[in-house]
Structures are given as structure tokens and as C-alpha cells.
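The next block holds one structure in the form of C-alpha cells; read it before the comments.
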2 protein chains.
Amino acid sequence: MGYPLSIYPRAPRDHRRLVLDLIHESRDGTTRAEIARSLELSRSAVSGLVDDLLHTGLVRELDKRQTRAGRRPIGLEINASAGQIVGVDVGATHIRAILADIAGRPLAELSTSFDVRVGPEKTLAEVRRLVERVMRDGESSLGRVRSIGVGVPGPVISEQGMVLAAPIMPGWTEYPIRHTLEATWERPVVVHNDANLGALGEWTYGAGRRCPNLVFVKVGTGIGMGMILGGRLHEGQVGAAGEIGHLTLVENGPLCSCGNRGCLEALAGGGAIARQARELVRQGQRTHLSTLASIDRLSARDVAEAAAQGDHLAQQLFAQAGEYIGIALAGVMNMLNPGVVVIGGGVAQSGDLLLEPIRAQIRKRSLQAGVLTSQVTSASLGLRSSALGAVAAALSLCFDHVIAHSAAGLTASATEGR
Amino acid sequence: MGYPLSIYPRAPRDHRRLVLDLIHESRDGTTRAEIARSLELSRSAVSGLVDDLLHTGLVRELDKRQTRAGRRPIGLEINASAGQIVGVDVGATHIRAILADIAGRPLAELSTSFDVRVGPEKTLAEVRRLVERVMRDGESSLGRVRSIGVGVPGPVISEQGMVLAAPIMPGWTEYPIRHTLEATWERPVVVHNDANLGALGEWTYGAGRRCPNLVFVKVGTGIGMGMILGGRLHEGQVGAAGEIGHLTLVENGPLCSCGNRGCLEALAGGGAIARQARELVRQGQRTHLSTLASIDRLSARDVAEAAAQGDHLAQQLFAQAGEYIGIALAGVMNMLNPGVVVIGGGVAQSGDLLLEPIRAQIRKRSLQAGVLTSQVTSASLGLRSSALGAVAAALSLCFDHVIAHSAAGLTASATEGR
DNA sequence: CAGTAATTGTTATGTAACTGGACAAATCAG
DNA sequence: CTGATTTGTCCAGTTACATAACAATTACTG
């Protein structure tokens, strides 16, 4: 339990873990002296900590490194060959898996269409298949993978690794996701909400990196939100935070999958855009979309492509969706005053088409003070925000394990074998 | 900067401060063994820490304490005579000051009507006068007061102790509030947003005590919100979080002081209720309010009194305000999934009249998962939430100082004198 | 009522994790 | 080549803990 006014002048911490984080953060390596400065520790202390990390095999020394003056420092970096990580993003209509080395660099990536409503058993079987395949593609194997992160499109109690009660995930309630996967893979597994992982992914590798107050909005089939507040992921009391998709924006608006009417998701989600497009085509509106083979299977992606090719009606659909999202986000800005708002997910791939109306509504409806210090950008990781967030979460879990076990005298012998 | 996935199995901490907090938390005293259990430290370690605290004079031993079996433990409590604290709540239309002993128990209280729009100099002069008076009322003096907390009705960068840019506080922008007050009182001062302090007050002493995800809504002349998320006060990137009063709820609704139309504050704030009542009276609606002397000065308090006496029109005004607040809070529930929502401020003193419509709208518009695990209550500290939050903040500051200086070998000699 | 188990607080003793100072190694600027 | 600068290491001392043993005190049990 934290204390609401954290004025601890210099909080004491688990230094080994922090040193590992710093080495991981610095893409092109760091040095003992640099670490000592940023953690405000003595160089001698850092030397000892780094020695321990070198013994785990997770960290290695670089040959050389240029500098200004003085003795040539010894570079430090994560030993990429010390193991691998898998991140999985289970969306409502797709699954994506990324294999990365333990330094966080992607090695292979796969995605497939899928419907999460078939229930947990079939979905997790598909997840296992995809993870097998992505490991093969990356010329790896389970033996070299140290931990696995999984994102699912519903409220997750990450501590327990299960879904509480998701509207779009019937049958998942209290299914022990993490437990099941840990049993099959015999590796530490971390399960999170997909939007939360998107926030973590963009915070770690993407737009607004390391910004202590970051909001990530995943605009896909549905609309979800993940938040990093005060430098920490905010999951809410029971993991149900970020359910922005079911804000009521229009009284007696279109019916939503949650049973209510006029929800943001029913107005601006990918499903809503596709539905609106189908209706307009059926009404005989002039649009390129009419030329598509099967109007019944028209998807948000089709609308996006038409919009990119200049179709006016398709563009209007996106603009309207952006307006609704902007109205909701104006509220978010006023309430949370984030430093960065990142728009991701499938629908957001259309870029400014969606972003500009969002920005306009925020400017119009939010208080100046908050807006001036915030920026609204699209996800710099594209569709991979959540999957890379899963990598980041799994990486963090792996680091935790290494630190915990290195204290017991064990070195990283588990995954040495090639 | 925190790390978003805090899976540190047991975070290392400043133990002396935590022991002090635990002693402060336990109203009827605690013991060394209890502290050892809750901090997961050895009894011998706690003994040492407690010894240091006893030397500061801030903690004292109690004579006796009954127990189940075993040796009779020695009680520990905050030494209430070691000093005093003042908390000040500057609202838009009032100032309230509370003198408390260092254990957090109120000793004296005062409030006065005031208009914050007269600017910082005059307001701070009034604050100084009120603090003088409340100290006299409590038979105290500045010499015995260790620190002072002040809440102001605008976005505050608490680290700098100044207001960024408040709509209702012209002339306050970047005025060095904390600096000025520290210079006059020669005591540590902490400045926060008033709604944030309300959240802190209810978290510390009131409803939903110690709930790690608490939302406090201050419904007074305006409407503000304070949040404790993940056990810590969320202030946002530049202290502008919680500005819930200017969410747009009704397109082209009534004009708000912020320049937009249809803001929550313009629909459900105390000012809005009074305005609506005046309009209805002028229209000749049947209501007890018409009997009041001056209709031009009719206030929300008058409407509340009429409602309490059964006036139907007045009750309807409150019900409608509650509905609007409930709509906004339904969004808050979905987004933040708090454990407790506390409704405070002047207008909220009407209790269920306002609360029931709020609860109804939340039930109607929020997702089940979040609502079932949350409770919506009125502020158990009444109008004193913010002022007592200021006491809590000042207390925390005082504790920090004592801990920091006790390390340097100084004992608490500064305020020993009676 | 004696005996036993339970509980608290204190006392040594040992260990991990740091600081601070001294120092050698390595580099650059003149 | 010399001096200033920077890095990493080594060593002595300090702090903050744990662990274990112990004395003091209490409730319960037969």
C-alpha cells in the first residue's frame, strides 16, 4: 500500500533491479559511472551490483566506448543471447505474437485472425500454436524462452492472471489463464489487459517514452484505454479501469454489445464504422464501397482503404468516429491531465484522418492548462503496441525472477543451453 | 520516477517513516510486535526504529494495554503534546481553518465567507488572520505549530506550491503561495488543490479510509475531483488533474464560467442550482423559495433548506443536479474503477437527496464489474474534508522533517517549550 | 494452583549493502 | 611529456537489518 504523499527524499530501492532496468533502458549501452550518477550511488557500490548481474549472465561488458576525457569506461549491455521473450496480444478478432531477445529487440512476428468468443480453451490452444510458430520462425525454441506475456481484451486481475467479467469474452470469467499457460509452458507468464499492455508498450519502446502520465487508447473493433499514472500502470480496484468504450455519449443512440445505447464503442469502434458503412451502402449512397464484392462482410479495414483512396463518405465516417473519440478524450484530459495521449489499435492506423478530429474536439472541450502541456499522437509501434507491451511485461517478470534467484546464489544456468 | 509494473516482492523503504505512519494510523495505539508484523521486519529491528522515534519526542509509550496471552505489550502512540498542525481550506466562497494536535485530532475550527477572486494578496492576508484566530481559539500559538497545509480551488503544482492557471482564480497564476506563506510563518508549508486535499482527508480520517483507489468529488459552488490511485495522490502532469467540472454534458447547454456551454459545473454546481432556482421563482413556479426576502441573493443553501423542508421544486433541482453528476461519475467509474467514491462539498451536505440520483445513474450507465466492487458514499467529514486533508498533508510534511533531521542527530527540541 | 504454551521486548552476534577515501589505469589538452 | 580528468577497484568503517537466545509476563489447562 503506497502513501498518497510520497515525499520520501530518496526512496530506498532494490538496487540490483534498478541497475538492470537502467542497462536495459539504454539502447547503446551504459557504464558503471553513469549508473552511479543516475541512481545516486557510489561507484564502488555499483561495481558490486554490476558484478552480481554479470554473474547471472544477463549482462555483458562491451569492448570499448568513446568518451570525452579520462579513463576509457567499460560498456554494459543486456546479453541478448542470454534468452528470449514472447509477447502475445489476443484481440477481439486477432492474435499477434512477437518473439524478442532479452534486450527487447523483436526477432520474429506473426498474427492471425481469430474470434475470442469461441471461449478460453480454443483460444489458448490457438495461442499455443501461434507461440510455437513464432518460435520456429525465429529459429528458437521454448528452451530458450525465459518468460511469456499475454494480453487479453477484458478486465484482468493481473495478480491472479484471470479475467473478472468481460462483455466481449463470454466464458472467460474467472478462467485461470495464467495458471493454465504456466502449466503448459513451464515458464513464468504474466497476463494483462490488452490496452494496459498497449500503454506499457508505448511507454517502454514507443511514443511518449518514459512519460510518467501516459494514456493509451486502443481503437479496434472495440475501444479500450490503458493508463500509466504517476509512473505506474493503473489497473483499478479490480482490474476494470480503462473501460472507456462504454461511456454513454448519445442518449438513445445505437445499441451496444454491452446492452446500453449510445456507447462510444457503438459510435466510433471498428464494428460501428463497418456497420454504418454497410447501412449507407444499402441506402444507395455514392461511395467506392459499393463496388466491393460482399457488402455483408464489409469491414472497418475496407472503409479505411476506401478513405485512403479518397472516398469522401469513408473519410466522413472516420472523421465522425474521431469526433466521438475526441469528446470522450476531452473528458480524460480534464480528469487525468496526462502528458501524452497515444492513439493505437487497428482503426487508428488511418493516422491524421482519425487524429485531427480528435485533436480538434480536445482543444474545443478541454481546459487550457491541461491541453497545452499534453500531446496527442498516434502509436509509434503501430499495431504492435500491445504485443510489445506484453514483451515488456514479460521482460520485467523475467528480470524479477533473475534478481530474486541470483540472491539465492543461483546463476542463470537454466537457459544457457543453445 | 516509478516503474509501471511494481512487482517488487517487498519494496525496500524508509522504515522509520513507515513506523511513524503506522503509529499515527492506529487511533488507540499500537505495539512494537504489531509493527514488526505489518512491516514484515524483525522485532529487534523495530525496537531500534522505535527508540529513535522516542528520542525525537514525537512518539511516547502508553502505560498498559490488554492482550490475549503472553507478556503485556508496551503501547505506542503519537505524543499529542509534541506540537500542533494547522490545515486551511480556501474555497471559492469561504475559508476554513482547523487547528489539530500532532496526532491529527482537531482542537479548534473556524470558517468565514470570502471571495477568492479578490486576488492572492488579500486572500493570503485573510488566511493569516484566520490562522491567528484559530490558534488563539485553541489556546495555542505559532511557536507550537510545526507545519501548515493550505488548499486552494485551482490546479496546483504542489512541488512548487503555486497555481498554474485557474479559471476561477484570476491573478493567482504562478503566484508563489507556498514561498510567501513559509516566509511569514517560518514553518514548512504545503499547498495543494482543495479537491485533492478532500480526497486525502477522507482517505486519512473519513469514508473509505486507506482505500488505495479513492475518488473524492467536491460539489460546492463549482465541482472538482481529487483522486488517490494506487495508494498515491494523482495530480497529473502539471497538477491539472481532476477538473471534472468542465466536462461537456449538454451540447449548447447553459453558459459556464469557463466560456464553454453545458459544462457539468454549469448544470449541477451550487451556482447553477441557485441560478435555476432564481429563474423558476421569477417564472412564478409554486415553491417555498418565493417567500424568501431577496430573490436576487437566493443561494444553493436556501434551496437545500427548502428541499429539506419538503419543497418539491427544490428537491427536483437537487435530483436533477445529482443526475448530471451521476452521468459524469459513471464515466469516472468506467475509466478509473475506484474502490470508493466520496461525495463532499457544500451541496453534498443534503445527503441522499443528491446521492440517490447519482447512484441510480451510475448503476444505469457503468459496467457491472466495476460498480459491484465500488461504493458511493457521502463525505463522512462533512464540510471539513479538505481542511482535514490539509492537516493530513501538513502532518506528513512535519513527519518528513522530523525523520530527516533525526538522522542528523537532532532531537525534537524546536517545539518542546510550552 | 502449578505447569505449559504463548507473546513481547531486549540483547548479542553476524551479514549484506552501502559510503568515503585512496589508488591505478586510461585518456585528452596543452 | 605533464597535468587534469574520468573510470573502475580495493579497503576500512558504518548502518540496517536478521537470527537466535533470553527474560518477562500473561492466559489457559487440568
Side-chain angles (χ1 to χ4, degrees), chain A residues 8-20 22-23 26 29-56 59-77 403-410, chain B residues 8-20 22-23 26 29-55 59-77 403-409:
Chain A
Y8 300 107
R10 175 168 139 223
R13 302 147 295 188
D14 185 334
H15 289 154
R16 248 175 288 268
R17 182 61 158 85
L18 291 175
V19 170
L20 191 50
L22 277 179
I23 296 174
S26 73
T30 180
T31 72
R32 291 169 174 81
E34 257 184 66
I35 294 170
R37 275 191 296 269
S38 54
L39 293 183
E40 292 180 84
L41 290 175
S42 65
R43 291 197 307 273
S44 57
V46 172
S47 269
L49 298 171
V50 168
D51 272 357
D52 291 352
L53 292 177
L54 287 172
H55 277 294
T56 67
V59 171
R60 68 179 165 203
E61 296 190 328
L62 261 67
D63 272 4
K64 291 184 176 182
R65 201 151 178 282
Q66 79 281 20
T67 176
R68 302 174 189 187
R71 169 176 168 174
R72 165 175 292 166
I74 307 169
L76 295 169
E77 63 171 10
I403 297 296
H405 293 128
S406 77
L410 291 170
Chain B
Y8 298 108
R10 177 169 137 224
R13 302 148 296 191
D14 185 334
H15 289 153
R16 248 174 290 266
R17 181 62 158 83
L18 290 176
V19 170
L20 191 50
L22 277 179
I23 296 174
S26 73
T30 181
T31 72
R32 291 169 174 81
E34 256 184 67
I35 295 169
R37 274 191 297 270
S38 54
L39 292 184
E40 292 179 85
L41 289 174
S42 66
R43 291 199 305 275
S44 61
V46 173
S47 269
L49 297 171
V50 167
D51 272 358
D52 290 352
L53 293 177
L54 288 171
H55 277 295
V59 171
R60 68 179 166 204
E61 296 190 327
L62 261 70
D63 273 3
K64 291 182 177 182
R65 200 151 179 283
Q66 79 279 21
T67 175
R68 303 175 188 186
R71 168 175 168 177
R72 166 173 291 168
I74 307 168
L76 295 169
E77 64 171 10
I403 297 294
H405 292 126
S406 78

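Just so it is clear: chains get the letters A, B, ... in the order the sequence lines come, proteins before strands, and each one is counted from 1.
Side chain A/Thr31 to base D/dT7: no donor-acceptor pair is found below 3.5 Å. With hydrogens and angles left out, the side chain of A/Arg71 and the base of D/dT7 share a donor-acceptor pair within 3.5 Å.
Residue whose closest nucleotide on DNA chain D sits further toward the 5' end, between A/Ala33 and B/Asp52: A/Ala33.
Taking atom CG of A/Leu76 as the reference point, atom P of D/dT9 lies 9 Å away to the nearest angstrom. For A/Ile35 and D/dT6, the CD1 to P distance is 18 Å, given to the nearest whole Å. In this structure, the CZ atom of B/Arg37 is 9 Å from the C1' atom of C/dT7, given to the nearest Å. Note: NE2 (B/His15) to P (C/dA17) measures 14 Å, nearest angstrom. A straight line from CD of B/Glu40 to P of D/dT19 spans 12 Å, rounded to a whole angstrom. Rounded to a whole Å, the CG atom of A/Asp14 is 15 Å from the P atom of D/dC17. With rounding to whole Å, A/Asp51 atom CG is found 15 Å from C/dA16 atom P. Computed from coordinates, the B/Leu53 CG to C/dG9 P distance equals 15 Å when rounded to whole Å.
In this structure, A/Leu22 CG and A/Thr30 OG1 are separated by 7.0 Å, a value rounded to the nearest 0.5 Å. One finds the CG atom of B/Leu18 at 9.0 Å from the CD1 atom of B/Ile403 (value rounded to the nearest 0.5 Å). In this structure, CD1 in A/Ile35 is found 4.5 Å from CD1 in A/Ile23, a value given to the nearest 0.5 Å. Distance check: A/Asp51 CG to A/Arg16 CZ gives 10.5 Å after rounding to the nearest 0.5 Å.
Of the candidate nucleotides D/dT26, C/dT10, C/dT27, C/dT27 has the atom nearest to the side chain of A/Arg72. Side-chain atoms of B/Pro73 lie closest to C/dT8 of the nucleotides D/dT26, C/dT8, C/dC18. Out of C/dC18, C/dT8, C/dT10, the shortest distance to the side chain of B/Ser47 is found at C/dT10. Picking from D/dT19, C/dC18, C/dT19 the nucleotide with the shortest atom distance to the side chain of A/Ser44 gives C/dT19.
Here B/Arg32 lies in heavy-atom contact (under 4.0 Å) with sugar-phosphate atoms only.
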Check against side-chain contact (heavy atoms from CB on, under 4.5 Å), A/Val19 and A/Asp52: CA-CA 11 Å; A/Val19 170; A/Asp52 291 352; over 6 Å; no
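Of the side-chain N and O atoms in B/Arg43, none sit less than 4.0 angstrom from OP1 or OP2 of D/dA21.
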